[in-house]
Participant: 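This structure is in structure tokens; I'll ask about it shortly.
Quick note on labels: first sequence line is chain A, next is B, and so on, each numbered from 1. Scope of the values below: all heavy atoms of this structure, side chains included, with no hydrogens, waters or symmetry mates. Every value quoted in this text rests on a predicted model; they were computed, and no experiment measured them.
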Number of protein chains: 2
Amino acid sequence: MREPQHDNPSPKPAPKAVVGRLSLYLRQLETFARQGRETISSSQLGKSLGLNDAQVRKDLAYFGQFGQPGLGYRIADLITELRTILGVDRDWPTALVGLGNLGRALLGYKGFRVRRFHLVTLFDNDPRKVGQCIEGLTVKHLDDLPQTVASEGLRLAMICVPAESAQRVADQLVAAGIRGLLNFTPTALFVPQDVSVVAVDLSVQLEHLAYSVHNTQSASREAGDIPAVS
Amino acid sequence: MREPQHDNPSPKPAPKAVVGRLSLYLRQLETFARQGRETISSSQLGKSLGLNDAQVRKDLAYFGQFGQPGLGYRIADLITELRTILGVDRDWPTALVGLGNLGRALLGYKGFRVRRFHLVTLFDNDPRKVGQCIEGLTVKHLDDLPQTVASEGLRLAMICVPAESAQRVADQLVAAGIRGLLNFTPTALFVPQDVSVVAVDLSVQLEHLAYSVHNTQSASREAGDIPAVS
DNA sequence: TAGATTGTTAATCGATTAACAATC
DNA sequence: TAGATTGTTAATCGATTAACAATC
């Protein structure tokens with residue numbers, strides 16, 4: 001990744017907010033595929049998401065050449081490519097830590113499995129919860145983390161503990177070998193460089209909404225055509 | 001907003017990703033306040049969130065002058081200012097539409113109330129759900145939307161219906177007078193300019209995590225110190 | 001006063017959009 | 001071939017960071 005490779009003149013630096021849009025493209029393409037469409041142009045795909053056609057082409061170009069001039073993109077092929085790029089062409093065994101209201105809520109949500117994120121282990125360190133069986137899974141104590149990460153091949157974890165425990169739990173997860181954290185707590189987590197964190201912060205998003213509504217008279221902000229991308 | 005006002009030389013254009021950071025500042029300040037701290041500098045606040053000190057000052061400067069050179073910001077005062085700016089200095093009666101797994105999950109989540117977003121009405125149009133009482137609230141049919149919006153003073157709604165109904169429900173909500181939508185479905189919603197939409201897309205965020213973990217060897221991406229902001 | 005830190009302007013950096021030759 | 005649409009370079013736009021005079 002440091003020096004240019006031989007046949008790979010410029011491996012292209014990892015882009016930035018492009019990945020989030022790739023997910024949107026993937027979903028939109030899946031919708032078009034279900035409708036029986038076979039090809040799509042960058043401008044059609046862009047318009048369906050409120051994005052510029054050049055942006056669609058440029059985003060995809062970071063990862064390769066997937067289109068055909070004059071024709072556009074073959075939907076089925078592009079779906080396959082995007083799944084591979086995003087890493088969702090495989091199952092991701094995932095742990096859920098913290099079984100309060102939010103944790104239980106997420107556990108009941110079926111949307112994860114559709115995207116191949118499988119909640120396979122639950123953790124809590126409340127002795128009243130450890131041993132309970134919820135949605136067919138037994139709650140384990142956080143002390144069992146190291147061996148469970150190994151035995152289940154866990155690489156991702158969702159953190160739904162109270163804010164004040166979040167950093168400690170994150171440290172334990174990282175120490176046990178977890179490589180990616182979905183952080184549902186309102187806390188800035190500090191982790192080593194090789195661990196990824198995505199923050200899902202409902203209060204930030206609600207406050208953003210309050211701000212927008214509060215500061216919109218009749219027509220002003222960017223809300224119009226393009227929904228905020230996460 | 002077009003021509004400069006008299007005493008208001010440049011009302012400053014509404015900024016962009018600044019609002020999300022304002023929420024982060026607010027929360028961090030609340031934490032510092034609980035610890036008994038009275039003042040804080042832009043560099044201290046920035047560091048606690050992995051942000052640049054100049055960015056903190058510039059973000060705040062969009063909305064006014066809140067600091068004192070040589071001293072920094074008085075925490076209690078800045079909290080008050082930020083709450084007003086964000087519009088979270090009041091209650092926001094909010095509707096929840098769609099009582100599947102995710103909807104029920106959100107309903108049980110106590111974090112909303114803390115930020116003064118009060119779920120006061122539930123809607124569904126499944127006849128088996130209408131009339132049910134969940135968490136002390138009775139599920140209404142979507143047909144009751146217009147009069148309920150008026151009687152409860154609803155301005156925000158969370159959309160937790162299946163993706164294929166999302167646009168139709170959004171249209172109904174907008175027609176009934178809702179001004180802000182928190183969209184939990186994987187759908188790009190098209191709404192009038194004066195309505196705000198914030199998308200909370202768990203699959204996009206999970207896929208982002210999968211991508212990062214998938215493409216991180218030992219030290220590469222930006223995960224290090226700064227958690228992704230939303 | 002000397003030290004610290006703001007608010008703000010200018011410089012830098014990155015991301016989006018426009019434009020167009022290449023090509024199916 | 002003519003029309004459409006790509007991949008990519010150049011132009012534009014916006015956001016972040018550095019620098020510094022003003023000031024508590």
Participant: By the 4.0 Å heavy-atom rule, please label A:Ser43 as base, sugar-phosphate, or nothing.
Facilitator: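 Counting heavy atoms under 4.0 Å across all strands, no contact is made by A:Ser43.
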Participant: Output the single nucleotide from D:dT16, C:dT5, D:dG7 whose closest atom is nearest the side chain of B:Ser41.
Facilitator: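 Shortest atom-to-atom distance from the side chain points to C:dT5.
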Participant: For A:Leu154, is there any backbone N or O sitting under 3.5 Å from a side-chain donor or acceptor partner on A:Trp92?
Facilitator: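 No; judged by distance alone, with no hydrogens or angles, the pair does not exist.
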Participant: Below 4.5 Å, heavy atoms only, C-beta onward: do A:Val88 and A:Arg116 meet side chain to side chain?
Facilitator: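 The answer is no; the side chains never approach within 4.5 Å.
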Participant: Using atom OH of B:Tyr62 as one end and atom C1' of C:dG7 as the other, report the distance to the nearest whole Å.
Facilitator: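 Going from B:Tyr62 (OH) to C:dG7 (C1'), I get 13 Å.
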Participant: Under 3.5 Å, is there a donor-acceptor pair linking the side chains of B:Gln167 and B:Asp171?
Facilitator: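 Yes, side-chain donor-acceptor contact under 3.5 Å.
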Participant: Using whole Å, what does the distance between atom C1' of nucleotide D:dT17 and atom CG of B:Leu51 come to?
Facilitator: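 After rounding, the gap between these two atoms is 12 Å.
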Participant: When Watson-Crick pairs (N1 to N3 and N6-O4 or O6-N4) and G-U wobble pairs (N1-O2 and O6-N3) count only below 3.5 Å on both distances, what is the dot-bracket string of DNA chain C, with | for other-strand pairs?
Facilitator: ..||||||||||||||||||||||
Participant: Expressed as a whole number of angstroms, how long is the span from A:Gln65:CD to C:dT23:C1'?
Facilitator: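 It works out to 11 Å between those atoms.
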Participant: Would you say A:Leu49 and A:Tyr25 make side-chain contact, with heavy atoms under 4.5 Å?
Facilitator: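 They are in contact (side-chain heavy atoms under 4.5 Å apart), so the answer is yes.
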Participant: For DNA chain C, which residues of residues 26-38 of chain A approach it to below 4.0 angstrom with any heavy atom?
Facilitator: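 Those residues: none at all.
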Participant: B:Asp53: which residues meet the salt bridge (Lys or Arg N to Asp or Glu O under 4.0 Å) condition with it, sequence neighbours left out?
Facilitator: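 B:Asp53: salt bridge (Lys or Arg N to Asp or Glu O under 4.0 Å) contacts with B:Arg57.
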Participant: From D:dT16, C:dT8, C:dT16, pick the nucleotide closest to the side chain of B:Ala61?
Facilitator: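 Output: C:dT8.
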Participant: Return a table of donor-acceptor pairs under 3.5 angstrom between the side chains of residues 69-78 of chain A and protein atoms on other chains or two or more places apart.
Facilitator:
none

Participant: Between atom CD in A:Gln44 and atom P in D:dT5, what is the gap in whole Å?
Facilitator: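 Computing the A:Gln44:CD to D:dT5:P distance gives 7 Å.
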Participant: Between A:Glu207 and B:Arg21, does any side-chain N to carboxylate O distance fall below 4.0 Å?
Facilitator: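 Salt bridge absent between A:Glu207 and B:Arg21.
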Participant: Charged N to carboxylate O below 4.0 Å: is that the case for A:Glu30 and A:Arg115?
Facilitator: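 Here A:Glu30 pairs with A:Arg115 in a salt bridge, since their nearest N and O are under 4.0 Å apart.
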Participant: Measure the CG-SG distance between A:Asn101 and A:Cys160 for me, rounded to the nearest 0.5 Å.
Facilitator: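 Reported value, rounded in 0.5 Å steps: 11.0 Å.
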Participant: Taking atom CG of B:Asp59 and atom CG of B:Leu82, what is their separation to the nearest 0.5 Å?
Facilitator: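 Reported value, rounded in 0.5 Å steps: 10.5 Å.
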Participant: CG/A:Leu156 to OG1/A:Thr94 distance, rounded to the nearest 0.5 angstrom?
Facilitator: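 Going from CG on A:Leu156 over to OG1 on A:Thr94, the span is 4.5 Å.
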Participant: Taking the side chain as every heavy atom from C-beta outward, state whether B:Leu86 and B:Ser23 have any pair of such atoms under 4.5 Å apart.
Facilitator: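 Side chain of B:Leu86 against side chain of B:Ser23, heavy atoms only: contact under 4.5 Å found.
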Participant: Atom CG of B:Leu209 and atom NE2 of B:His214: how far apart are they, to the nearest 0.5 Å?
Facilitator: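 Going from CG on B:Leu209 over to NE2 on B:His214, the span is 12.5 Å.
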Participant: What's the separation between atom CG in A:Leu96 and atom CZ in A:Phe112, rounded to the nearest 0.5 Å?
Facilitator: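 Nearest 0.5 Å value for the CG-CZ distance: 8.0 Å.
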Participant: Starting at CZ of B:Phe63 and ending at P of C:dT6, how long is that distance when rounded to a whole Å?
Facilitator: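 In whole Å, C:dT6 P lies 18 Å from B:Phe63 CZ.
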Participant: For a quick test of reading the model: is some side-chain N or O of A:Ser42 closer than 4.0 Å to OP1 or OP2 of D:dT5?
Facilitator: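 For D:dT5, neither OP1 nor OP2 has a side-chain N or O of A:Ser42 closer than 4.0 Å.
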Participant: Please give me every residue in residues 52-60 of chain A whose heavy atoms get under 4.0 Å of an atom in DNA chain C, ordered by residue number.
Facilitator: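 Result for residues 52-60 of chain A: A:Asn52, A:Ala54, A:Gln55, A:Arg57, A:Lys58, sorted by number.
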Participant: Which residues in residues 68-87 of chain A have at least one heavy atom lying under 4.0 Å from any atom of DNA chain D?
Facilitator: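 The answer is A:Gln68, A:Pro69, A:Gly70, A:Leu71, A:Gly72, A:Tyr73.
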